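In this text the structure is predicted, and so the values were computed from the model without any measurement.
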Amino acid sequence: MGYTLNFATVWANFDKLLGGLGLGLLLALASVSLGSIIGLVCGFASVSSSRTVRSLVSVYVTIIRNEPIYIIVLMIFFALPDAGLKLNQSASFITALTVYSGAYLSEVFRAGLISVPKGVVEAARAIGLTRLQTSLYVVTPIMLRNALPALGSTFISLFKDTSIAATIAIPELTYQARKINIESFRIVETWTVASALYIATCLLMAAALRGLERRFPKF
């Protein structure tokens, strides 16, 4: 028996899908912003002269990078309340994605720091800049530009990871698609439209990031 496509139910609920898409973008943006702070701190710490500091960062990065994001989300959502820290679903998911992204961004920023030519650092110190001024005004801008491609890829990856938020009932795109699917039994149509929204959004973000890279040439 053939299957007749009928997108009527999906189009009738398209505003819910768009709302879920917007929520997913907000979750990714909040997580990558907070994760960037962790990543920057850990990135600089990973190239410090202290072996203890480097080891602590290495332990954090190794543990998180070898743990599925799904497990991290569930642990934070269910374990933190038992420890006395109660967060709503969105705050819990952002915390999980921030911890997860911080580990990956730490490596992104570390690679960016290593790519800064030593001659530039020496020139900055030679004109009288302190170590802190050299880090803030010379090293960090160059590092951020060199890390821009990897930073963009991480953001796109985090946006796709927001689909996991559906497991703790956050009404992002996947959650909304699953709800429409359950109510209408239009499996093919619902997931086709949801997939198209994910793909289109990722392609738009990738194009915007390429434009940003062209605007700021690599050092």
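Between the OG atom in Ser153 and the CG atom in Leu148 there is a gap of 9.5 Å [rounded to 0.5 Å]. Here Leu173 contributes atom CG and Ser163 contributes atom OG; the two are 9.0 Å apart, rounded to the nearest 0.5 Å. The line from CG of Leu97 to CD1 of Ile72 is 9.0 Å long, rounded to the nearest 0.5 Å. Note that SG of Cys42 and CD1 of Ile37 are 12.0 Å apart. Values are rounded to the nearest 0.5 Å. Atom CG of Leu151 is separated from atom OG of Ser36 by 5.5 Å, given to the nearest 0.5 angstrom. For the atom pair CG (Leu129) and OG (Ser135), the distance works out to 10.0 Å, reported to the nearest 0.5 Å.
Judged by distance alone, with hydrogens and angles left aside, the side-chain atoms of Arg110 form no donor-acceptor pair with the main-chain N or O of Phe44 at under 3.5 Å. Checking side-chain atoms of Ser157 against main-chain N and O of Thr154 turns up no donor-acceptor pair under 3.5 Å. Between the side chain of Ser31 and the backbone N or O of Ala28, no donor-acceptor pair lies under 3.5 Å. In this structure a side-chain-to-backbone donor-acceptor pair under 3.5 Å is present from Glu189 to Asn6. Between the Thr134 side chain and the Ala124 main chain, no donor and acceptor come within less than 3.5 Å of each other. Under the 3.5 Å distance criterion, the side-chain polar atoms of Thr62 are left unmatched by any main-chain donor or acceptor of Val59. Of the possible polar contacts, none joining the Glu183 side chain to the Ile180 backbone as a donor-acceptor pair under 3.5 Å is found. The backbone N or O of Arg51 sits less than 3.5 Å from a side-chain atom of Ser55, completing a donor-acceptor pair.
Taking the six-membered ring for Trp and the full ring otherwise, Tyr104 and Tyr100 have centroids separated by under 6.0 Å.
When all heavy atoms of Gln176 and Gly20 are compared, the closest pair comes out as CG-CA, 4.2 Å. Here the shortest heavy-atom pairing between Ala150 and Val108 reads CB-CG1, 3.8 Å. Closest approach of Ala45 and Val57 over heavy atoms only: CB-CG2, 3.6 Å. Met143 and Leu40 get closest at one heavy-atom pair: CE-CD2, 3.5 Å. The two residues Asn88 and Ala91 come nearest to each other via the heavy atoms OD1-N, 2.7 Å. Taking all atoms of both residues into account, the shortest heavy-atom contact from Ile94 to Ala30 is CD1-CB, 4.0 Å.
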### Task
Evaluate the criterion side-chain contact (heavy atoms from CB on, under 4.5 Å) for residue pair Val10 and Lys16; output intermediate values, then yes/no.
CA-CA 9 Å; Val10 181; Lys16 294 179 181 177; over 6 Å; no
### Message
One pair to check against side-chain contact (heavy atoms from CB on, under 4.5 Å): Ile38 and Tyr60. What are the steps and the verdict?
### Response
CA-CA 11 Å; Ile38 296 175; Tyr60 161 63; 3.6 Å; yes
### Task
Might you work through the side-chain contact (heavy atoms from CB on, under 4.5 Å) test for Ser184 and Thr190, ending with a clear yes or no?
CA-CA 9 Å; Ser184 66; Thr190 303; 4.3 Å; yes
### Task
Test side-chain contact (heavy atoms from CB on, under 4.5 Å) on Arg125 and Glu122 and set out the steps.
CA-CA 5 Å; Arg125 297 301 302 275; Glu122 292 169 355; 5.8 Å; no
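Residues Arg186 and Asn181 are not in side-chain contact: their nearest non-hydrogen atoms beyond the backbone lie 4.5 Å or more apart. In this structure, Leu29 and Phe159 have side chains that are not in contact, with every pair of non-hydrogen atoms separated by 4.5 Å or more. Inter-residue side-chain proximity for Leu87 and Phe77 is flagged as unmet; no heavy-atom pair is nearer than 4.5 Å.
For Trp191, there are no ring-ring contact (aromatic ring centres under 6.0 Å, His included) partners two or more places apart in sequence or in a different chain.
Connection of Val41 to Val47 is not established within any shared hydrophobic cluster, with ILVMFWY side chains joined at heavy-atom distances below 4.5 Å, either directly or through further cluster members. Residues Leu113 and Val53 are members of separate hydrophobic clusters, defined by side-chain heavy-atom contacts under 4.5 angstrom among Ile, Leu, Val, Met, Phe, Trp and Tyr. Under the 4.5 Å side-chain contact rule for hydrophobic residues, Leu158 and Tyr175 do not share a cluster. Tracing side-chain contacts under 4.5 Å through hydrophobic residues (I, L, V, M, F, W, Y), one never reaches Leu26 starting from Phe93; they form parts of separate clusters. Following chains of ILVMFWY side-chain contacts shorter than 4.5 Å, one can reach Ile127 starting from Ile142, so the two form part of one hydrophobic cluster.
Counting non-hydrogen atoms of neighbouring residues, nucleotides and ligands closer than 6.0 angstrom, the CZ atom of Phe7 exceeds 12 such neighbours.
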Would you mind writing out the side-chain donor-acceptor pairs for residues 196-206 within the sub-3.5 Å range, not counting sequence neighbours?
| residue | atom | partner | partner atom | Å |
| --- | --- | --- | --- | --- |
| Tyr198 | OH | Glu172 | OE1 | 3.3 |
| Tyr198 | OH | Thr174 | OG1 | 2.7 |
| Thr201 | OG1 | Leu197 | O | 2.7 |

